[in-house]
Amino acid sequence: MFGFRRDAQGRAMLSGSLLSDLLAEARVATPAYLYDVDGISHETRELTQALADSRHLVAYAVKANSAGTIVRTVAEQGAGADVVSGAELRVALGAGVAPDRIVMSGVGKSDDELDLALSSKIRSIQVESLEEIERVAARAQALSQAARVSLRIKPDVAIDSHAHVATGHDEAKFGIAQQDLGAAWDRLDRSPEALRAVGVSSHVGSMLAAIEPYLEAAGRVCEVARARRAAGKPLEFVNFGGGFGIDYGSGPTARPAEFARAALWLLGQQGLHDLQLIVEPGRSLVGPYGVLVARIVQLKQSGSQRFAVLDAGMNDLIRPALYGARHRIEPLSEPPLPPAWRVVGPVCESADDFGVYDLGESPADLVAIRDAGAYGFVMASQYNGRRLPSEVFVTRGRVSSISESPGLDAWVARRLQA
Ligand SMILES: Cc1ncc(COP(=O)(O)O)c(C=O)c1O
């Protein structure tokens, strides 16, 4: 379609010229996130279709991007939701996700959040510790209902990702250690009126380029599920988690649908084909379809260094500062050509640095920071007294809706009141 180009894996990307037109059409200031809603829809459909059987569930990890338009879009394509807070649960329900297609994760769910999950009758609360099981039992008793619970196990698999996105190793704060699983099942079985053990879950971490580590962690989940069934106990599902990587410019990764097909194969191979399979992807469904458009506010030559200072910083997109992540950055109006510039944000932190990119002899004023659809806006802050970015949703190459930045007046007023 006009205004789109293909990335190395054949995904349609909004071209620089279309991004300029869309920004003008939306009449929002930079920095602004623009999302290709059709791309998200297509990727989700490919994944839900790969799972073929409607018993299985793609629980979209809402934390990756909680915009209502996006949660509604993935829900329309057959996805449910994985939420990590009461507020995310409210977004999922408000966006039309059926409660029995929602699971809740998180190491520190408050009593209020547990109460909301219980009264909403979601598919499962994924408990992360023996201590949490006690609290879930207490809340279920207080509300006179049985909690549907799955055990999030620590698969004890280390992955080749940044330490901040590896969650399945033995020292991680997430999940229940293998040696505590017996006690966890016993505790669930002791209070059948308050606790119903329905599943086994894990999430090994994020940014998996290849399928093998995912299957290794999933294999641990299957072992636990098989042992549980061998003990004569019923089980409804296994949840292998999310973590499917995307190409941030360093090379292709396996597609979400390929992860899902491999997961189904494993389920059959482990003799668990009658169980429901849940997968929890976030990044892979939205990351490639979001672009942060920023303006160069200052070019600066400092000795031999050339800096291009943007109006977008770590407060808008924290991934480079937090994980050392590299995004593709390119001028909107021309191909990326030498010389290279160090692209930085305006925030008073040395970590506010996106890296070195070819922007040409005299860079034009707008740049696209690509693959910013996941863990972008959701992590934005107003640090340094900066505006939150606007969000622009694009359907069939046109602006379909806008969530405009709230501006700075409210921030100034709150800080003065504090
Ligand atoms: C429990 C859980 N499930 C799913 C995800 C989604 O991971 P990703 O966005 O890498 O697919 C996360 C991410 O942190 C998570 O913590």
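Computed from a predicted model, the values in this text were never measured in an experiment.
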Go through it in stages, so that I can follow the logic: the residues are Asp111 and Arg135, the test is salt bridge (charged side-chain N to carboxylate O under 4.0 Å, His left out), and I'd like the CA-CA distance, side-chain angles, deciding distance and then a yes or no. CA-CA 8 Å; Asp111 283 358; Arg135 282 204 308 120; 2.4 Å; yes

Compare every heavy atom of [Y] with every heavy atom of [X], then report the nearest pair and how far apart it is.
X	Y	result
Leu272	Ala225	CD1-CB, 4.2 Å
Ala262	Ile211	CB-CG2, 3.6 Å
Leu359	Pro331	CD2-CD, 4.0 Å
Trp265	Leu215	CZ3-CD1, 4.3 Å
Val103	Ala59	CG2-CB, 4.2 Å
Asp352	Met314	OD1-N, 2.6 Å

Is [Y] close to [X] at the side-chain level, that is, under 4.5 Å between some pair of heavy atoms?
X	Y	result
Leu151	Val127	yes
Leu93	Ser120	yes
Pro320	His327	yes
Leu47	Pro281	yes
Thr44	Thr73	no
Lys173	Glu128	no
Asp353	Val344	yes
Arg101	Tyr60	no

Distance check, rounded to the nearest 0.5 Å: [X] atom [atom1] versus [Y] atom [atom2]?
X	Y	atom1	atom2	value
Glu349	Ile318	CD	CD1	9.5 Å
Leu267	Phe240	CG	CZ	5.5 Å
Glu391	Ile402	CD	CD1	11.5 Å
Asp82	His203	CG	NE2	8.5 Å
Leu366	Ser20	CG	OG	6.0 Å
Asp365	Leu310	CG	CG	11.0 Å

Side-chain donor/acceptor of [X] to backbone N/O of [Y], under 3.5 Å:
X	Y	value
Lys109	Gln126	yes
Ser405	Leu388	yes
Glu132	Gly108	no
Glu258	Ala254	no
Thr48	Gln77	yes
Ser66	Lys63	no
Asp371	Arg328	no
Asn315	Tyr383	no
Tyr214	Val204	no
Trp341	Gly360	yes

Cation over ring face, Arg55 and Phe237, 6.0 Å, 45°: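 No; the conditions do not both hold, so Arg55 does not lie above the ring face of Phe237.
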
Quick one, Arg396 with Asp38, criterion side chain to side chain contact (heavy atoms under 4.5 Å, CB included). Give me CA distance, side-chain angles, the key distance, then yes/no. CA-CA 7 Å; Arg396 267 169 254 112; Asp38 298 318; 4.1 Å; yes

Decide if the gap between the ring center of Tyr289 and the ring center of Tyr35 is smaller than 6.0 angstrom. no

Taking atom types as modelled, is there a side-chain donor on Arg283 or Ser206 under 3.5 Å from an acceptor on the other?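 Their side chains do contain a donor-acceptor pair, which is all the 3.5 Å distance test asks for.
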
So, applying side chain to side chain contact (heavy atoms under 4.5 Å, CB included) with Arg387, which one of Asp316, Asp311, Leu408 is it?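 Single pass found, and it is Leu408.
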
Evaluate the ring planes of Phe244 and Phe259, with Trp represented by its six-membered ring, and classify them as parallel (under 30°), tilted (30 to 60°) or perpendicular (over 60°). parallel

What verdict does the side chain to side chain donor-acceptor pair (under 3.5 Å) test give for Arg123 and Gln276, after you've listed the backbone C-alpha separation in whole Å, the side-chain angles of each residue and the deciding distance to 0.1 Å? CA-CA 12 Å; Arg123 166 84 68 111; Gln276 298 163 348; 2.8 Å; yes

When you look at Leu23 and Val28, which way does the side chain to side chain contact (heavy atoms under 4.5 Å, CB included) test go after all the steps? CA-CA 7 Å; Leu23 203 62; Val28 293; 4.1 Å; yes

Using the side-chain hydrogen bond (donor to acceptor under 3.5 Å, both in side chains) definition, which of the options Ser105, Ser124, Ser150 pairs with Ser201? Ser150

Given side chain to side chain contact (heavy atoms under 4.5 Å, CB included), test Val392 with Glu25 step by step and report yes or no. CA-CA 10 Å; Val392 178; Glu25 187 186 341; over 6 Å; no

Verdict with reasoning, Asp156 to Arg220, per side chain to side chain contact (heavy atoms under 4.5 Å, CB included): CA-CA 9 Å; Asp156 206 357; Arg220 301 281 162 84; 3.8 Å; yes

